[in-house]
Amino acid sequence: MSSVEIELKLSVQPDAIPTVRQQLFQLPHDYTSPQHLTNIYFETPDNQLRRWDMGLRIRGCNGHYEMTIKTAGKVVGGLHQRPEFNVPLPQPELDLVRFPNAIWPENTDLVQLQTQLAGLFSTDFNREKWLITYGESEIEVALDQGTIFPGNFSGNFSGNKDSGRQTSPICEFELELKKGNVTDILLLANRLASQNGLRLANKSKAARGYALVYGLSHPSLPKVALPKVALPKVPDELDWQQPLSVLLPEILAQWQEQEEGWLAGLPEGKTGLAQVFQWITSLIEKQAEPLPVLDLLADLLPELKAALSVSGSGAENLSYSASWLQCKLALMQWLLVQSR
């Protein structure tokens, strides 16, 4: 079965989870109690799937298994749009020929590819879900809490979790559009953002797994965001002659990159964010058409600029603040308005 997955990822601080859960229970919903999920992600020794911008996994839950491959998509801020193909399996063994042949590059030898694949890392987490009716849409909200484990696997769902290697925590809400309008995802996220403790996340679990594995053992890997020793300098000016459909994604991408760098302990990220906020201010000033989202941005930006300018301001406190998330969601709403 194939579909285009449209979801918004929100990293959440553990202290904020009870309040967000309470908000979800107050909305019209169908609830699914926590289930334990284990996913093994597969790759070749030369990272062929990643070079094709593909992600391949087998998921196990209560003795049932599903093979999934995700192909090239796009991420704007924390909004992920990516085609995916899911196939149920009688046992946790890869069977690539069960995917549509059209998803593979021309002349791909699937038999040879499958012999080269091995488990690279796994994710092990508990997931509880709410199917929310919001606006004109049905949105599945999942709370995932667990761990990403690096290691070489042979497809054994017991994994290799006692190796003593570095792991990465999973603590996030995913809002996936099941039916309706993308705008409703942003509106629901904005409602949840009435409190501190949430942050837009632009890296999937798979991308974080690759970064964990290759950040530890390899100097580089194509198409994977690895830990950086320095951030690229943000340009002083943008090309303001470009349409908003180009400028807004560029601003969101720079915001996300500088934010990730600041959170990773790189002080130049804070300087870069100050420049990004100046871009947004300039862009608002250039708009002749009044829009409610511009009024919201104009209200939020002075607070964020002031907080950012404080000496010793903490990256985590600011990046997980309600006004920070609301401002970023407003930019995404503005982009959606321009795309119509």
Side-chain angles (χ1 to χ4, degrees), residues 1-3 5 7 9-12 14 17 21 31-45 47 49-50 54-71 80 82 84-96 98-99 113-131 140-176 178 201 203-217 221 224:
M1 179 180 178
S2 66
S3 64
E5 181 184 59
E7 66 179 18
K9 294 182 181 293
L10 296 171
S11 176
V12 59
I17 290 175
R21 291 180 77 256
Y31 176 68
T32 302
S33 58
Q35 295 179 311
H36 185 78
L37 304 178
T38 297
N39 301 280
I40 295 178
Y41 289 79
F42 295 84
E43 186 53 277
T44 67
N47 308 306
L49 294 182
R50 207 61 182 166
M54 289 180 166
L56 174 65
R57 73 175 186 225
I58 291 179
R59 167 170 291 173
C61 178
N62 296 328
H64 298 280
Y65 303 98
E66 183 178 63
M67 181 175 61
T68 296
I69 194 164
K70 297 186 180 185
T71 59
H80 300 238
R82 199 171 189 190
E84 69 170 38
F85 300 83
N86 303 296
V87 176
L89 295 174
Q91 52 193 354
E93 296 179 359
L94 289 174
D95 190 3
L96 299 186
R98 300 185 67 179
F99 288 128
L113 176 63
Q114 185 160 310
T115 63
Q116 296 175 332
L117 289 166
L120 186 63
F121 60 90
S122 72
T123 61
D124 196 81
F125 57 92
N126 290 322
R127 166 173 287 181
E128 62 179 315
K129 297 187 296 187
W130 296 258
L131 183 61
E140 181 182 272
V141 181
L143 170 59
D144 294 342
Q145 298 181 84
T147 307
I148 301 173
F149 294 92
N152 295 315
F153 301 87
S154 63
N156 181 355
F157 268 71
S158 63
N160 181 19
K161 300 171 185 176
D162 300 318
S163 61
R165 300 181 68 186
Q166 181 180 344
T167 61
S168 181
I170 297 169
C171 194
E172 63 188 22
F173 283 96
E174 292 184 353
L175 284 64
E176 182 179 349
K178 292 298 185 180
K203 292 185 177 67
S204 66
K205 294 181 185 70
R208 291 179 59 204
Y210 273 96
L212 179 64
V213 171
Y214 288 96
L216 291 171
S217 58
L221 178 68
V224 179

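- Note that CZ of Arg50 is 10.0 Å distant from OH of Tyr214, once rounded to the nearest 0.5 Å.
- Between Ser204 and Lys9, the closest heavy-atom pair is CA-CE, 3.8 Å.
- Of the inter-residue distances, the one linking Leu89 atom CG with Arg98 atom CZ reads 5.5 Å to the nearest 0.5 angstrom.
- Using bins of under 30°, 30° to 60° and over 60° for the plane-to-plane angle, the ring pair Tyr210/Phe121 lands in the perpendicular bin.
- The shortest heavy-atom contact between Pro92 and Ile58 is C-CD1, 3.8 Å.
- Side-chain contact of Asn39 with Thr123: a donor-acceptor pair under 3.5 Å is present, judged by distance alone.
- No side-chain donor-acceptor contact under 3.5 Å links Arg57 to the backbone of Lys70.
- Between Leu56 and Leu94, some side-chain heavy-atom pair lies under the 4.5 Å cut-off.
- Closest heavy-atom contact between Phe99 and Thr68: CZ-C, 3.9 Å.
- Minimum heavy-atom separation, Ala206 to Tyr41: CB-CE2, 3.6 Å.
- Nearest heavy-atom pair, Ser33 versus Glu128, reported as atom, atom and distance to 0.1 Å: C-CB, 4.3 Å.
- At least one side-chain heavy atom of Gln145 sits less than 4.5 Å from a side-chain heavy atom of Ile17.
- Scanning all heavy atoms of the two residues, the minimum distance from Leu49 to Phe42 falls at CD1-O, 3.5 Å.
- Note that NZ of Lys129 and OH of Tyr31 are 11.5 Å apart. Values are rounded to the nearest 0.5 Å.
- Looking only at side-chain heavy atoms (C-beta outward), Ile170 and Glu172 come within less than 4.5 Å of each other.
- One distance of note links CZ of Arg59 with CZ of Arg127; it measures 5.0 Å at 0.5 Å rounding.
- To the nearest 0.5 Å, atom CD of residue Glu43 and atom CG of residue Leu117 are 7.0 Å apart.
- Under the 4.5 Å side-chain criterion, counting only non-hydrogen atoms from C-beta, Pro150 is in contact with Thr167.
- A donor-acceptor pair is defined here as one N or O able to donate and one able to accept, closer than 3.5 Å; no such pair exists between the side chain of Arg82 and the backbone of Glu7.
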For a side chain to side chain donor-acceptor pair (under 3.5 Å) check, start with the C-alpha distance between His36 and Asn62, then their side-chain angles and the critical distance, and finish with the verdict. CA-CA 8 Å; His36 185 78; Asn62 296 328; over 6 Å; no
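- The closest side-chain heavy-atom distance from Glu5 to Glu174 is not below 4.5 Å.
- Taking OH of Tyr65 as the reference point, atom OG1 of Thr38 lies at 9.0 Å (rounded to 0.5 Å).
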